[in-house]
Amino acid sequence: MKLIFGDSHVSALKAAIGPKASPYTLIANHGKNLIDMQLDVVGDTLRVFADNTSASVPLDVTLTKGDRVVLSGPLHSSLVSRHRFWKSTAPWTMHEHFPKRQLASGNFIKTLAQDRTASMIQLLKAAISAGISVAVLEPPRLSRRALTESGIDERVLVHVDETYRAEVCALVEATGTAVIDTPKDTHDGAFMRASYQAMSDTDVHHGNKDYGILALANAAAFLDDETSGAEDAKTTTDTSQTDTPQTGKARKSILQKLLKA
């Protein structure tokens, strides 16, 4: 099985496929269900489930040895970076810019990353041990709408988002898991480009169908790469800029399928 599952960011990839037949199974869930997942290993199968925290479909996925899986969720920083806490607080490394604010230590964001991703890191380790090839999909960068919606200073918002993602990347890569970068064309280095943002003015962090097409192509390059397995997972990068013969072929193949009338 070739599976992409996790938080609501999978929805953009599902929109990219639409009603067409797909070689991949895509399951979008509520991000809160990933915070405390339960794992049940029986033989060559790994069941991943959680008590449902919202009106979304309950999380209950069974993986089998040999599956190729892309997990969306660990690198989603929005709930941390947009928290009202940052209206009156700044990271210690920014104290010169915000001398009158309360300061958060350098370990604060690191601790948040460890806590929020503990269950997901456990899943990655269990999947690799079970012979399941797994990668983590980075979500879109924040939208500039997040500035207006949150009221947080842009410098603080960008710093917290980048720092959180870096901390999570380190945790993910320490397990030997591949990280699939968010497509470079979709952001300016800090914020998602407007042409890739969700259509709703109230949505500050999801990508649209065009974003989903590029992100799905990157995920497909991993899912279709039969030359690597769980035992030799590696960090991957955005294929929209740099292709190898293997990833370039996979990207063009899936893009042709998605864009075909």
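Between R116 and H76, every side-chain heavy-atom pair lies at or beyond the 4.5 Å cut-off. Within the 4.5 Å cutoff, the side chain of V69 has heavy atoms near those of the F5 side chain. Between H9 and H205 the shortest side-chain heavy-atom distance falls below 4.5 Å. Here the side chains of P91 and W86 are in contact, with some heavy-atom distance below 4.5 Å. The side-chain heavy atoms of T175 and I121, taken from C-beta on, include a pair separated by under 4.5 Å. The side-chain heavy atoms of V48 and L39, taken from C-beta on, include a pair separated by under 4.5 Å. Side-chain atoms of L75 and V179, non-hydrogen and from C-beta on, do get closer than 4.5 Å to each other. Residues K110 and S105 are not in side-chain contact: their nearest non-hydrogen atoms beyond the backbone lie 4.5 Å or more apart.
Atom-to-atom distance recorded for D161:CG and F191:CZ is 8.0 Å, nearest 0.5 angstrom. Interatomic distance, CG of D185 versus CG of L214, reported as 6.5 Å (0.5 Å rounding). Note that the OG1 atom of T202 and the CD atom of E149 stand 9.0 Å from one another [nearest 0.5 Å]. With rounding to the nearest 0.5 Å, the separation of CG in L34 from OG1 in T117 is 11.0 Å. I132 CD1 to L46 CG: the interatomic distance, rounded to the nearest 0.5 Å, is 5.0 Å. L157 CG to S77 OG: the interatomic distance, rounded to the nearest 0.5 Å, is 7.5 Å.
By the 6.0 Å contact criterion, CG on D188 is enclosed, its count of non-hydrogen atoms from other residues, nucleotides or ligands being greater than 12.
T64 and D44 share no donor-acceptor pair across their side chains, judged by distance under 3.5 Å alone.
Of the possible donor and acceptor atoms, one in the side chain of R68 sits under 3.5 Å from a partner among the backbone N and O of L223. In terms of modelled atom types and a separation under 3.5 Å, the side chain of N218 and the main chain of A220 share no donor-acceptor contact. Side-chain atoms of E138 come within 3.5 Å of backbone atoms of T182 as a donor-acceptor pair (strictly under, hydrogens ignored). Side-chain atoms of W92 do not come within 3.5 Å of backbone N or O of N107 as any donor-acceptor pair. At distances below 3.5 Å, not a single donor-acceptor pair connects side-chain atoms of T163 with backbone N or O atoms of V160. The closest donor-acceptor contact from the side chain of S119 to the backbone of M37 lies under 3.5 Å. One N or O on the side chain of N208 and one on the backbone of Y211 form a donor-acceptor pair closer than 3.5 Å. K125 places no side-chain N or O within donor-acceptor distance of the main-chain N or O of Q122, the cut-off being under 3.5 Å. For R141 (side chain) and M192 (main-chain N/O), no donor-acceptor pair under 3.5 Å exists by modelled atom type.
Under the 4.5 Å side-chain heavy-atom criterion for grouping Ile, Leu, Val, Met, Phe, Trp and Tyr, L171 is not connected to I35 through any hydrophobic cluster. Put simply, V80 and V168 are part of the same group of oily side chains (I, L, V, M, F, W, Y) that touch within less than 4.5 Å, one to the next. Tracing side-chain contacts under 4.5 Å through hydrophobic residues (I, L, V, M, F, W, Y), one reaches L71 starting from I27; they form part of the same cluster. I128 and M120 fall within the same hydrophobic cluster, where Ile, Leu, Val, Met, Phe, Trp and Tyr residues are linked whenever their side-chain heavy atoms come under 4.5 Å apart, directly or through other members. Each of I152 and L103 belongs to its own hydrophobic cluster when Ile, Leu, Val, Met, Phe, Trp and Tyr are linked at side-chain heavy-atom distances under 4.5 angstrom.
Of all non-hydrogen atoms in L137 and V70, the two that sit nearest each other are CB-CG1, 3.6 Å. Nearest approach of R101 to D153, heavy atoms of both residues: NH2-CB, 4.1 Å. Here the shortest heavy-atom pairing between V172 and A178 reads CG1-O, 4.4 Å. Between S133 and F222, the shortest heavy-atom distance links the atoms C-CZ, 4.0 Å. In this structure, G207 and A12 approach most closely via the heavy-atom pair O-CB, 3.6 Å. Shortest non-hydrogen contact noted between S8 and H206 is OG-NE2, 2.6 Å.
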_Evaluation steps, side chain to side chain contact (heavy atoms under 4.5 Å, CB included), between L13 and Y24_ = CA-CA 11 Å; L13 282 67; Y24 316 115; over 6 Å; no

*Please step through side chain to side chain contact (heavy atoms under 4.5 Å, CB included) for the pair R144 and E154, ending with a clear verdict.*
CA-CA 9 Å; R144 285 193 176 274; E154 178 175 338; 3.4 Å; yes

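For the pair R193 and Y196, the cation-pi criterion (under 6.0 Å, within 45° of the ring axis) is not fulfilled.
A salt bridge is defined here as a Lys NZ or Arg NE, NH1 or NH2 lying under 4.0 Å from an Asp or Glu carboxylate O, and D224 with K2 meets this definition.
Listed by chain and residue number, H30, T53 satisfy the side chain to side chain contact (heavy atoms under 4.5 Å, CB included) test with K32 (two or more places apart in sequence, or in another chain).
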